[in-house]
Amino acid sequence: MTALPGSPGWYLRRLSRMGPQEVGGRVGDAVRRRRWRSAPPDGPRVSGARFTAVLPAGTLAAVPPDAAKRLLAEADRLMDGHAEFFGVRRDDMADPDWSYDPRTGRRAPSGHAFDVPYRDEAAVGDIKQIWEPSRHQYLTVLAAAHALTGDERYAERVAAHLRSWWAVNPPLRGAHWTSGIELGIRLLSWVWIRRLLDGWPGAAALFEDNPVAVRQIWHHQRWLAAFPSRGSSANNHAVAETAGQSAAACAFGWFPDSARWRADALRALDRHLRANTFLSGLNRELATEYHGLVLELGLAALAEADAAGVPVPATTRLVLLRMTDALAAVVDDRLRPPRQGDADDGHGLVVDGAGTDRWGSLLATGDAVFGALPWWPAVTGTDVRSGLLAALVRPTEPSARRPAARPAHFADAGLTVLRGPGGIWCRCDGGPHGFLSIAAHAHADALSLEVRHDGVDVLADPGTYCYHGQPEWRRYFRSTQAHNTLELDGEDQSVSGGPFLWTRHARSRVTDVHTSGAGVSRWCAEHDGYRGSVHRRQVELIDAERELRVTDEVRGPRRAVRLAFHLGPALTAELDGHRAELTWSRDGTPRSAVLDLPRRLSWRAHRGESDPPLGWYSPGFGRKEPATTLLGTGFTDDTHEFTTVLTFRD
């Protein structure tokens with residue numbers, strides 16, 4: 001069993017993944033925290049501050065009517081006090097309790113931030129439920145509603161909530177001052193709230209003429225400058241911290257330290273964007289939702305710098321361009337990207353209503369900022385955010401050579417997409433086990449597959465569901481058994497040391513890829529995660545037969561085998577021996593396929609089981625629903641080979 005966060009065993013394992021430089025930096029952080037425990041300074045006095053980073057004239061008038069309608073519907077729900085965070089409905093958002101977790105009913109302690117045990121659900125509650133409203137992204141929605149309508153009710157609600165939050169969360173007190181990613185995203189929200197409230201007479205009195213607001217903005221930036229995510233933790237958190245810091249230093253450049261903070265943050269943002277991104281443009285965490293989060297944060301920071309006339313390193317634009325092209329390359333016919341690695345529904349900037357397609361929105365922004373390539377998929381939906389960001393970004397001609405055709409294989413990330421007729425889409429995973437030494441957001445999913453038909457999950461990646469407080473579910477959703485791959489002797493391919501820590505990483509390599517011509521696509525890869533044995537998998541997509549053939553080979557001694565195929569929640573499965581008849585519908589049209597399973601394994605269907613967990617699909621963080629898992633069990637023998645064939649009928 002893995003050690004729980006905060007336990008001595010966890011700290012020892014976590015320390016083992018750090019290098020000397022990171023250890024030294026963290027020792028310095030600990031010394032700095034001891035100094036900061038005394039009464040925090042009030043910050044510099046500011047007079048004559050003005051907010052000038054406003055939207056260009058005509059920007060709001062160009063918002064598509066249907067996108068505006070969705071936004072206003074969401075804003076009105078919020079005005080009525082209704083919201084939902086990670087599957088938990090809240091009806092108290094007219095006057096929220098900023099420390100309350102509605103899932104557990106607990107309240108986080110209000111003591112010094114450095115004393116809050118935010119990883120301990122028994123003491124604090126579900127920290128994600130507490131943190132999420134305080135990112136203030138629902139307030140950016142209300143502020144956008146005011147900007148579009150001029151209705152002062154929205155602005156007054158925003159002002160009341162900000163004043164409430166500032167009053168009960170003074171600098172360095174409580175759970176909202178414990179994690180830099182929260183401070184960074186909150187700063188970005190405040191920048192946009194101020195921008196979107198610009199036409200309201202009370203905007204200046206709420207922000208630049210308000211000593212409480214000015215003190216909060218200064219302390220947020222001081223905190224981020226002092227305690228950056230470092231070393232093995234410099235993943236998407238570092239991008240959020242530097243994006244929020246640079247945006248605030250550009251838009252709220254009212255302090256003696258603003259120029260230094262801005263320059264340091266933009267350099268660090270550029271460094272972290274490059275470090276977090278493969279040259280192919282895919283995110284190194286190999287967790288698709290963090291690709292989206294990092295891209296949103298990077299675009300928002302770029303927009304802020306351009307609006308302020310602050311130079312941005314050319315490599316920042318280049319990384320964001322590559323990320324956008326990579327996203328366009330990997331989405332399916334319905335603009336859904338892979339479901340790979342962790343996902344916690346995190347967003348960089350929210351100014352849209354429910355029902356807006358996040359990935360279509362990002363591609364629309366990419367089109368507006370960089371220009372779509374001829375092979376990009378068409379974006380048919382609309383959004384508010386794309387036009388607002390594009391209005392601030394300085395148009396530049398991309399200097400990099402971009403892909404002339406849609407890439408299918410990303411060698412550095414080990415990700416390959418096979419595409420077939422009728423919207424068949426298959427994602428094959430032969431890449432590294434996550435990012436940095438702890439691979440915090442990786443799953444034990446080496447050589448896993450994800451198959452869709454016209455955007456419907458057929459062989460599904462089950463998702464993430466939770467991070468803190470439910471260790472059994474956390475272990476399950478990132479386990480080997482919870483992915484469409486092969487498990488030996490009941491062990492994960494990589495070894496977990498805690499909910500965000502892997503102490504041994506399976507090493508994968510792609511040995512063969514053929515993705516063009518002749519009507520047959522092929523991918524082959526192997527990994528060494530099972531000591532003493534090698535798992536090799538070959539996938540062939542045969543267009544004429546509309547057939548996906550998966551061959552698993554195990555090289556090594558006789559071992560127990562479990563081979564899992566997780567079906568999407570829309571599918572119904574009838575298992576008869578070694579054949580499963582699969583049925584579903586898409587837009588009212590019935591669809592079907594047959595899954596012929598390896599005969600040397602014994603097969604059972606599992607659905608919605610909890611002891612132990614098996615047969616689940618998480619459509620979003622904090623939510624799960626039953627789905628069918630077909631699980632084959634047996635042993636390797638002299639041939640060590642198992643063949644599965646998925647044939648689409650309709």
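Position 1 is the first residue of the sequence; numbering continues from there.
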Undergrad: His220 and Trp190: aromatic ring centres closer than 6.0 Å?
TA: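 His220 vs Trp190: aromatic centres under 6.0 Å.
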Undergrad: For a quick test of reading the model, state the closest non-hydrogen atom pair linking Leu449 to Cys428 and the distance between them.
TA: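 Leu449 and Cys428 have their closest heavy atoms at CD2-SG, 3.8 Å.
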Undergrad: How long is the straight-line distance from CD of Glu241 back to CD of Glu182, given to the nearest 0.5 Å?
TA: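 If we round to the nearest 0.5 Å, Glu182:CD and Glu241:CD are 10.0 Å apart.
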Undergrad: Measuring only between side-chain heavy atoms, which start at C-beta, is His433 closer than 4.5 Å to His443?
TA: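 Counting from C-beta outward, His433 and His443 never come under 4.5 Å.
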Undergrad: Between Asp332 and Arg427, is there a side-chain N and carboxylate O pair less than 4.0 Å apart?
TA: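 Salt bridge flag = no for Arg427 with Asp332.
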Undergrad: Do side-chain atoms of Ser618 reach the backbone of Arg623 as a donor and acceptor pair under 3.5 angstrom?
TA: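 Yes, because the side chain of Ser618 sits within donor-acceptor range (under 3.5 Å) of the backbone of Arg623.
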Undergrad: Where do Trp584 and Val456 come nearest, in terms of heavy atoms and distance?
TA: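 Closest approach of Trp584 to Val456: CD1-CG1, 3.8 Å.
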Undergrad: Under 3.5 Å, is there a donor-acceptor pair between the Thr356 and Asp383 side chains?
TA: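 No.
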Undergrad: Assess whether salt bridge (charged side-chain N to carboxylate O under 4.0 Å, His left out) is satisfied between Arg90 and Glu84, documenting all intermediate values.
TA: CA-CA 6 Å; Arg90 292 189 64 161; Glu84 184 176 307; over 6 Å; no
Undergrad: Measure across Leu71 and Val351 and return the closest heavy-atom pair with its distance rounded to 0.1 Å.
TA: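 Where Leu71 meets Val351 most closely, the heavy atoms are CD1-O, 3.5 Å.
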Undergrad: Do side-chain atoms of Arg406 reach the backbone of Ala329 as a donor and acceptor pair under 3.5 angstrom?
TA: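 Flag set: sc Arg406 to bb Ala329 pair under 3.5 Å.
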Undergrad: To the nearest 0.5 Å, how far apart are OG1 in Thr140 and CH2 in Trp192?
TA: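 Nearest 0.5 Å value for the OG1-CH2 distance: 10.0 Å.
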Undergrad: Going by heavy atoms in the side chains, are Thr324 and Trp376 under 4.5 Å from each other?
TA: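 A side-chain contact under 4.5 Å exists here.
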Undergrad: Strictly distance-based, threshold 3.5 Å: is any side-chain N or O of Trp616 a donor or acceptor partner for the main-chain N or O of Gly463?
TA: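 No, Trp616 side chain to Gly463 backbone: no donor-acceptor pair under 3.5 Å.
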Undergrad: Does the side chain of Trp425 pick up a donor-acceptor pair with the side chain of Asp454 at under 3.5 Å?
TA: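 The criterion, which ignores hydrogens and geometry beyond distance, is not satisfied for Asp454 and Trp425.
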Undergrad: Would you say the side-chain atoms of Asp367 pair up with the backbone N or O of Leu363, donor to acceptor, closer than 3.5 Å?
TA: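 Not a single qualifying donor-acceptor pair exists.
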Undergrad: Looking at Pro338, is its backbone amide N or carbonyl O close enough to the side chain of Thr288 to form a donor-acceptor pair, meaning the two atoms are under 3.5 Å apart?
TA: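 Yes, the answer is positive, given that a donor and an acceptor are paired below the 3.5 Å cut-off.
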Undergrad: With a distance cut-off below 6.0 Å to the six-membered ring centre and an angular limit of 45° from the axis, does Lys128 pair with Phe621 as a cation-pi contact?
TA: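 Verdict for Phe621: a cation-pi partner in Lys128.
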Undergrad: Yes or no on side chain to side chain contact (heavy atoms under 4.5 Å, CB included) for Leu362 and Arg385, after CA distance, side-chain angles and deciding distance?
TA: CA-CA 9 Å; Leu362 270 172; Arg385 187 183 61 189; 3.8 Å; yes
Undergrad: Is there a donor-acceptor pair closer than 3.5 Å between any side-chain N or O of His291 and the backbone N or O of Asn283?
TA: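 Indeed, once roles are kept as given, a pair shorter than 3.5 Å links the two residues.
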Undergrad: Show every ring-ring contact (aromatic ring centres under 6.0 Å, His included) that has at least one partner inside residues 385-414, sequence neighbours left out.
TA: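 Pairs touching residues 385-414 that pass the test: none.
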Undergrad: Go through it in stages, so that I can follow the logic: the residues are Arg339 and Asp445, the test is salt bridge (charged side-chain N to carboxylate O under 4.0 Å, His left out), and I'd like the CA-CA distance, side-chain angles, deciding distance and then a yes or no.
TA: CA-CA 11 Å; Arg339 283 168 54 91; Asp445 58 357; over 6 Å; no
Undergrad: Got a donor-acceptor contact below 3.5 angstrom from the Glu289 side chain to the Asp345 backbone?
TA: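 Present.
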Undergrad: Side chain to side chain contact (heavy atoms under 4.5 Å, CB included) with Thr277: which residues, sequence neighbours excluded?
TA: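 Thr277: side chain to side chain contact (heavy atoms under 4.5 Å, CB included) contacts with Val319, Met323.
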Undergrad: Between the side chain of Thr316 and the main-chain N/O of Val312, is any donor-acceptor distance below 3.5 Å?
TA: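 Not at all, since once roles are kept as given, no pair shorter than 3.5 Å links the two residues.
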Undergrad: Do Asn236 and Glu285 get their side chains close enough for a donor-acceptor pair, meaning under 3.5 Å?
TA: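 Per modelled atom types, Asn236 and Glu285 side chains form a pair under 3.5 Å.
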Undergrad: With the side chain counted from C-beta on, respond yes when Val379 and Ser361 share a heavy-atom pair under 4.5 Å apart, and no when they do not.
TA: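 Counting from C-beta outward, Val379 and Ser361 never come under 4.5 Å.
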Undergrad: Step by step, would you call Leu273 with Arg271 a side chain to side chain contact (heavy atoms under 4.5 Å, CB included)?
TA: CA-CA 6 Å; Leu273 283 173; Arg271 184 175 70 253; over 6 Å; no
Undergrad: Can you name the nearest heavy-atom pair linking Ile185 to Gly348, along with the distance?
TA: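 What the structure gives for the nearest pair is CG2-O, 4.5 Å.
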Undergrad: May I ask you to say whether Asp457 pairs ionically with Arg452, meaning some side-chain N is under 4.0 Å from a carboxylate O?
TA: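 Salt bridge present between Asp457 and Arg452.
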Undergrad: Compute whether any side-chain donor of one residue and acceptor of the other, for Arg546 and His453, lie under 3.5 angstrom apart.
TA: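 Yes.
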Undergrad: Parallel under 30°, tilted from 30 to 60°, perpendicular over 60°: which one fits the rings of Tyr467 and Phe500?
TA: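 Ring orientation of Tyr467 relative to Phe500: perpendicular.
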Undergrad: Any donor and acceptor pair, going by atom type alone, linking the side chain of Arg274 with main-chain N or O of Thr315 inside 3.5 Å?
TA: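 Not confirmed, Arg274 side chain does not pair with Thr315 backbone.
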Undergrad: Regarding Asp461 and His566, do their side chains bring together a donor and an acceptor under 3.5 Å, going by distance alone?
TA: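 Judged by distance alone, the side chains do not pair up.
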Undergrad: So Arg77 and Met93, side chain to side chain contact (heavy atoms under 4.5 Å, CB included) or not? Walk me through it.
TA: CA-CA 10 Å; Arg77 282 192 291 272; Met93 291 304 293; over 6 Å; no
Undergrad: Working note: Asp342 + Arg478, criterion salt bridge (charged side-chain N to carboxylate O under 4.0 Å, His left out); need CA distance, chi angles, decisive distance, verdict.
TA: CA-CA 8 Å; Asp342 271 348; Arg478 65 182 197 147; 5.9 Å; no
Undergrad: Which pair of heavy atoms, one from Asp412 and one from Leu279, lies closest together, and at what distance?
TA: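 That closest heavy-atom pairing would be OD2-N, 3.3 Å.
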Undergrad: Using salt bridge (charged side-chain N to carboxylate O under 4.0 Å, His left out), reason through Arg267 and Asp264 one step at a time and then give a plain yes or no.
TA: CA-CA 5 Å; Arg267 281 195 300 269; Asp264 290 350; 2.5 Å; yes
Undergrad: Can you confirm whether or not the ring centre of His161 sits under 6.0 Å from the ring centre of Tyr138?
TA: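 Yes; Tyr138 has its ring centre under 6.0 Å from that of His161.
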Undergrad: Within the structure provided, determine whether Asp429 and Glu450 are in side-chain contact (heavy-atom separation under 4.5 Å).
TA: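 Asp429 vs Glu450: side chains apart.
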Undergrad: Taking Glu304 as the fixed residue, which of Arg195, Arg262, Arg394 is the one that meets the salt bridge (Lys or Arg N to Asp or Glu O under 4.0 Å) rule?
TA: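 Running salt bridge (Lys or Arg N to Asp or Glu O under 4.0 Å) over Arg195, Arg262, Arg394 with Glu304 returns exactly one hit, Arg195.
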Undergrad: Is the shortest distance from a Lys or Arg side-chain nitrogen in Arg157 or Asp151 to a carboxylate oxygen in the other one below 4.0 Å?
TA: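 Salt bridge absent between Arg157 and Asp151.
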Undergrad: Is it true that the side chains of Tyr465 and Asp344 contain a donor and an acceptor less than 3.5 Å apart?
TA: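 No, no side-chain donor-acceptor pair sits under 3.5 Å.
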Undergrad: Determine the minimum heavy-atom distance between Leu349 and Leu389, stating which atoms define it.
TA: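 Where Leu349 meets Leu389 most closely, the heavy atoms are CD2-CD2, 4.1 Å.
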Undergrad: What's the verdict on side chain to side chain contact (heavy atoms under 4.5 Å, CB included) for Val520 and Leu541, showing C-alpha distance, side-chain angles and the deciding distance?
TA: CA-CA 6 Å; Val520 178; Leu541 178 57; over 6 Å; no
Undergrad: Please enumerate all residues that pass side chain to side chain contact (heavy atoms under 4.5 Å, CB included) together with Thr485, with sequence neighbours excluded.
TA: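 Applying side chain to side chain contact (heavy atoms under 4.5 Å, CB included) to Thr485 gives Leu447, Ser448, Thr480, His483, Gln493, His535, Arg537.
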Undergrad: I'd like to know if Glu547 and Arg549 make a salt bridge, using a cut-off of under 4.0 Å between side-chain N and carboxylate O.
TA: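 Salt bridge present between Glu547 and Arg549.
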Undergrad: Just by modelled atom types, is the Gly184 backbone N or O under 3.5 Å from a matching donor or acceptor in the Arg135 side chain?
TA: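 Here the side-chain-to-backbone pair does not exist.
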